[in-house]
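A quick write-up on the structure given underneath.
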Amino acid sequence: MRNIAAAVFIGFSLLGCTDKKAQKDAALDEVIKVHDKVMSADEKLMKNKMTLDTLLQKSDLPGKDTAAMLRASLALADSAMETWMHQFDPDYKGKTDDETIAYMYAKKKQITGIDSQINKSISESDKFLSKIKAK
């Protein structure tokens with residue numbers, strides 16, 4: 001009977017370890033998916049930023065203050081992404097499984113916020129640029 005109980009205990013212990021490993025892997029995968037989505041918008045962000053830079057050099061630009069504000073918004077979003085990437089540690093070594101899972105979910109929350117920031121700044125700058133092109 002003791003052997004069966006010991007085998008069951010060892011089995012559940014191994015299963016628990018595997019479950020934590022799967023949770024860590026899933027949490028990292030979620031972060032990477034959002035990161036990849038954000039990075040796919042980076043090209044559009046940079047294009048709009050460069051276009052606004054060029055337009056801001058014109059002295060007769062209508063809405064120059066708006067263009068400068070939108071350019072700053074794009075720069076802030078880009079900077080937020082760069083900061084996040086420099087601070088992100090995908091290995092997060094030396095921490096417990098629970099700490100690692102919590103870290104990954106916190107990082108996912110951060111990158112999701114940055115995704116919203118980038119999308120908003122791109123959308124607003126797209127609207128402005130389409131009005132400028134229409135004139």
Quiz item: Picking from L70, L74, D42, what satisfies side-chain contact (heavy atoms from CB on, under 4.5 Å) with I122?
Solution: L74

Exercise. With side-chain hydrogen bond (donor to acceptor under 3.5 Å, both in side chains) as the test, would you mind laying out the steps for K107 and Q110 before giving the verdict?
Key: CA-CA 5 Å; K107 289 300 180 179; Q110 286 177 345; 3.0 Å; yes

Quiz item: Taking 4.0 angstrom as the limit, do D97 and K21 come out as a salt bridge?
Solution: no

Exercise. Would you check, one step at a time, whether the test side chain to side chain contact (heavy atoms under 4.5 Å, CB included) holds for H35 with F88?
Key: CA-CA 11 Å; H35 167 269; F88 180 65; over 6 Å; no

Quiz item: Which pairs pass ring-ring contact (aromatic ring centres under 6.0 Å, His included) with one or both residues in residues 100-126, sequence neighbours excluded?
Solution: Y92-Y103

Self-check item: ILVMFWY cluster, L56 and M46 together (side-chain gap under 4.5 Å)
Solution: yes

Quiz item: Within the distance-only criterion (no hydrogens, no angle test), does the side chain of D91 pair as donor or acceptor with the backbone N or O of K93 below 3.5 angstrom?
Solution: no

Quiz prompt | pair D98-K20: side-chain heavy atoms closer than 4.5 Å | solution = yes

Quiz item: Between atom CD1 of I111 and atom CE of M104, what is the distance when rounded to the nearest 0.5 Å?
Solution: 12.5 Å

Quiz item: Do P62 and I132 come within less than 4.5 Å of each other through their side chains, counting heavy atoms only?
Solution: yes

Quiz item: Can you get from V38 to M85 by hopping between Ile, Leu, Val, Met, Phe, Trp and Tyr side chains that sit under 4.5 Å apart?
Solution: yes

Quiz item: Are the side chain of T83 and the backbone of S79 linked by a donor-acceptor contact shorter than 3.5 Å?
Solution: yes

Quiz prompt | Partner residues of K37 under the salt bridge (Lys or Arg N to Asp or Glu O under 4.0 Å) criterion, sequence neighbours left out | solution = D115

Practice problem: Mark yes or no for whether S123, through its side chain, and N119, through its backbone, hold a donor-acceptor pair below 3.5 Å. | Solution: no

Quiz prompt | N/O donor-acceptor pair under 3.5 Å between S121 side chain and I118 backbone | solution = yes

Quiz item: Tell me the side-chain hydrogen bond (donor to acceptor under 3.5 Å, both in side chains) pairs involving residues 58-67, sequence neighbours left out?
Solution: none

Quiz prompt | Heavy-atom pair of closest approach, residues Q117 and A80 | solution = OE1-CB, 3.6 Å

Quiz item: Is L76 reachable from M50 through a run of hydrophobic residues whose side-chain heavy atoms are each under 4.5 Å from the next?
Solution: no

